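To start, the structure under review is shown below, and the notes come after it.
The structure displayed is predicted, hence computed values, not measured ones. Note that ligands are numbered from 1 as they come in the structure, with each ligand's atoms numbered from 1 the same way.
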Amino acid sequence: MDEIQRWATGTDLTDGVAERLMARLVELQATTDRSVHLCLTGGRIANRIYSAFADLVEGSGLDTSRIELWWGDERFVPTEDPDRNAGHTLAILARTLQVTPAHTHAMSAADGVTDNEASALTYAKELGDTVFDICLLGMGEDGHVASIFPNHPSFEETTHTVIGVNDSPKPPSSRISLTVPTLSRSREVWFLLSGAEKADAVARAYAGDPTLPGGVVRGRERTLWIVDRAAGAGLPHHECTF
Ligand SMILES: O=C(O)[C@H](O)[C@@H](O)[C@H](O)[C@H](O)COP(=O)(O)O
């Protein structure tokens, strides 16, 4: 079930998504005794949302002992490299979200190792058959999600759940990524889409363009297309949820 959530500006989107994400996580925790699994994405838009989310934790009712953080992709760089997704995200969320190391599943960094495939296999073992309750994804102007790129080996059919990605069109070149089937195992996929430069890719992906990773990744129960006015310019207006 695809739903469009349209916000006027990127700022409205950031604050609105942070509130809806917090509410949904609290709602999911109320339906189960297990941990809730949230898969995070890198990118500018996501990091702005994480910052707004961190401001909401106090008084939210979120049980931080029952949330597990995963990553959809990672740049295969040293831990201290500013390009590393987990570094940014944890610095932002750790301001208010006390998530234990056992519940924080960051992909390994390239500290003294060069083999991203081996690191991908290690993450696949840690992931096992975990199904994410919510998987957050940004999208590039080329329709990439996580580190799965169109017209690129990363987008080829695979039985792997996690892969090493080389020659990434988006720097840095070496990455680790969940694969399309793994992303689509998620119960809910939330696409976080802001900026006019994404409008064409967003429209094509929403229409299910099979040549774009964003065109084929969907949640099993729900797919949210969260757009600001600019990024959603090419989306149908009759399907807005609010
Ligand atoms: O590691 C990465 O680069 C991200 O996972 C990538 O998939 C990102 O989400 C998109 O490129 C959108 O990035 P922006 O939100 O910065 O446009």
Residue G138 vicinity, atoms of ligand 1 by number, heavy atom under 4.0 Å: 9 (O)

Near T41, which atoms of ligand 1 are under 4.0 Å from a heavy atom of that residue? 5 (O), 9 (O)

With only distance considered, is R175 within less than 3.5 Å of ligand 1 through an N or O on each side? yes

If hydrophobic clusters are built by linking Ile, Leu, Val, Met, Phe, Trp and Tyr wherever their side-chain heavy atoms come under 4.5 Å apart, do L137 and M107 end up in the same one? yes

Tell me, which protein residue and heavy-atom name are nearest atom 10 (C) of ligand 1, and how many Å apart are they? H144 NE2, 3.4 Å

Are E141 and K198 close enough for a salt bridge, meaning some N to O gap below 4.0 Å? no

Does the plane of the ring in W225 sit parallel, tilted or perpendicular to the ring in F191? Use 30° and 60° as the thresholds. tilted

same_hphob_cluster(L28, L56) at 4.5 Å side-chain heavy-atom cutoff: yes

Tell me whether H88 contacts the main-chain N or O of P82 through its side chain, where contact means a donor paired with an acceptor under 3.5 Å. yes

At a non-hydrogen distance cut-off of under 4.0 Å, which region of I45 contacts ligand 1 (side chain, backbone, both, or neither)? both

G42-ligand 1 polar pair, N/O distance under 3.5 Å: yes

Give a yes or no on whether the backbone of K170 and the side-chain of S168 come within a donor-acceptor separation of less than 3.5 Å. yes

Determine, using heavy atoms of K198 and all atoms of ligand 1, whether some pair is separated by less than 4.0 Å. yes

Is the shortest side-chain N to carboxylate O distance from D81 to R75 below 4.0 Å? no

Does atom CZ of R66 have more than 12 heavy-atom neighbours, drawn from other residues, nucleotides or ligands, at distances under 6.0 Å? yes

R44 heavy atoms within 4.0 Å reach ligand 1 at atoms 14 (P), 15 (O), 16 (O), 17 (O)

Of all the atoms in ligand 1, which lie at a distance below 4.0 Å from a heavy atom belonging to R75? 1 (O), 2 (C), 3 (O)

For N85, the ligand 1 atoms with a heavy-atom partner under 4.0 Å come out as 1 (O)

What part of A146, side chain from CB on, backbone N/CA/C/O, both or neither, has a heavy atom under 4.0 Å from ligand 1? backbone

Which protein heavy atom lies closest to atom 5 (O) of ligand 1, and at what distance to 0.1 Å? D73 OD1, 2.8 Å

Part of K170 with heavy atoms under 4.0 Å of ligand 1, whether side chain, backbone, both or neither: side chain

Salt-bridge criterion met for R24 and E188 (N-O under 4.0 Å): yes

Is ligand 1 under 4.0 Å from a heavy atom in the side chain of L192, in the backbone, in both, or in neither? neither

